[in-house]
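Scroll down for the structure; my scribbles are underneath it.
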Amino acid sequence: AQSVTQPDIHITVSEGASLELRCNYSYGATPYLFWYVQSPGQGLQLLLKYFSGDTLVQGIKGFEAEFKRSQSSFNLRKPSVHWSDAAEYFCAVGATSGTYKYIFGTGTRLKVLA
Amino acid sequence: GAGVSQSPRYKVAKRGQDVALRCDPISGHVSLFWYQQALGQGPEFLTYFQNEAQLDKSGLPSDRFFAERPEGSVSTLKIQRTQQEDSAVYLCASSSSGGTPRREQYFGPGTRLTVT
């Protein structure tokens with residue numbers, strides 16, 4: 001069965017520090033992978049996506065993610081965190097057949113210290 | 001252009017009441033998804049429409065949940081005889097994809113349902 005694991009429920013970093021949010025997936029074929037961000041009271045905003053090709057993907061707001069097939073991972077990174085990055089981050093895998101629904105991880109809540 | 005909109009944004013229902021949640025997808029988007037997000041959890045798939053056809057309702061938790069999209073645009077998620085475990089944020093998403101997962105889903109702000 002398809003699944004997504006985000007091992008870190010909460011992460012706290014200082015403003016200006018680097019960030020890595022972990023995501024591991026379980027999927028039979030090459031998955032379609034996404035990172036979304038959710039601010040309080042807001043909907044989900046797409047940060048970046050991976051379908052195929054270059055395994056290092058650039059997204060909005062200075063985020064990037066690297067697809068590593070051998071580790072079944074798609075970790076999100078940012079070199080220097082801003083206070084406005086405080087939010088909840090969700091990794092998702094998109095089914096490549098049938099409904100094309102997304103399967104989400106449980107999320108990582110990021111806190112940024114000034 | 002306008003994004004996905006949902007109404008109401010907040011709904012409080014007494015246990016046993018029926019509720020109807022509305023989703024206005026992005027104009028022209030073929031695919032529409034409903035997800036349920038419980039507190040502290042990621043969204044979980046409920047149902048999927050391609051135009052007016054409900055192609056997948058495998059995620060609906062019980063027969064109290066019903067969704068429709070009669071004209072292939074606006075969708076309504078209806079929950080009958082609400083229970084406390086129905087308390088969650090209900091997210092709607094739309095996609096221009098009708099046959100490929102390569103088109104990302106655009107999410108609305110959600111409807112927070114609280115059942116008392």
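Bear in mind that the values here come from a model prediction, so they are computed numbers and not experimental data. Protein chains get the first letters and strands the later ones, always in sequence-line order, with residue 1 at the start of each.
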Answer yes or no: are there more than 12 heavy-atom neighbours, outside [X] itself, under 6.0 Å from its atom [atom1]?
{"X": "B:R15", "atom1": "CZ", "value": "no"}
{"X": "A:I60", "atom1": "CD1", "value": "yes"}
{"X": "B:E44", "atom1": "CD", "value": "no"}
{"X": "B:E85", "atom1": "CD", "value": "yes"}

Check: Most heavy-atom pairs under 4.5 angstrom with chain A, which of B:P43, B:G59, B:G108, B:P109?
Finding: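 Heavy-atom pairs under 4.5 Å are most numerous for B:P43.
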
Quick check on the hydrophobic clustering: are [X] and [Y] connected, directly or via other members, by side-chain heavy-atom contacts under 4.5 Å?
{"X": "A:Y89", "Y": "A:F67", "answer": "yes"}
{"X": "A:I103", "Y": "B:W34", "answer": "no"}
{"X": "B:F49", "Y": "B:V30", "answer": "no"}

Engaged part of [X] at the chain A interface, taking heavy atoms whose separation is under 4.5 Å:
{"X": "B:Q37", "value": "side chain"}
{"X": "B:R112", "value": "neither"}
{"X": "B:L91", "value": "side chain"}

Margin query: I'd like to check A:Y36 versus B:E104 (side-chain heavy atoms, cut-off strictly below 4.5 Å). Are they in contact?
Written below: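 Yes, side chains in contact.
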
Next item on the list: Could you tell me which portion of A:L46 (side chain, backbone, both or neither) has an atom closer than 4.5 angstrom to a non-hydrogen atom of chain B?
Entry: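 Contact with chain B involves the side chain of A:L46 alone.
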
Margin query: For A:Q38, which atoms come within 4.5 Å of any heavy atom of chain B: side chain, backbone, both, or neither?
Written below: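 Contact with chain B involves the side chain of A:Q38 alone.
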
Next item on the list: Would you give the length of the straight line joining atom OH of B:Y35 to atom OH of A:Y102, rounded to the nearest 0.5 angstrom?
Entry: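 Interatomic distance, B:Y35 OH to A:Y102 OH, rounded to 0.5 Å: 7.0 Å.
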
Check: Pick from A:Q42, A:K101, A:R109, A:Q6: which one has the most heavy-atom pairs with chain B under 4.5 Å?
Finding: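 Option with the top pair count is A:K101.
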
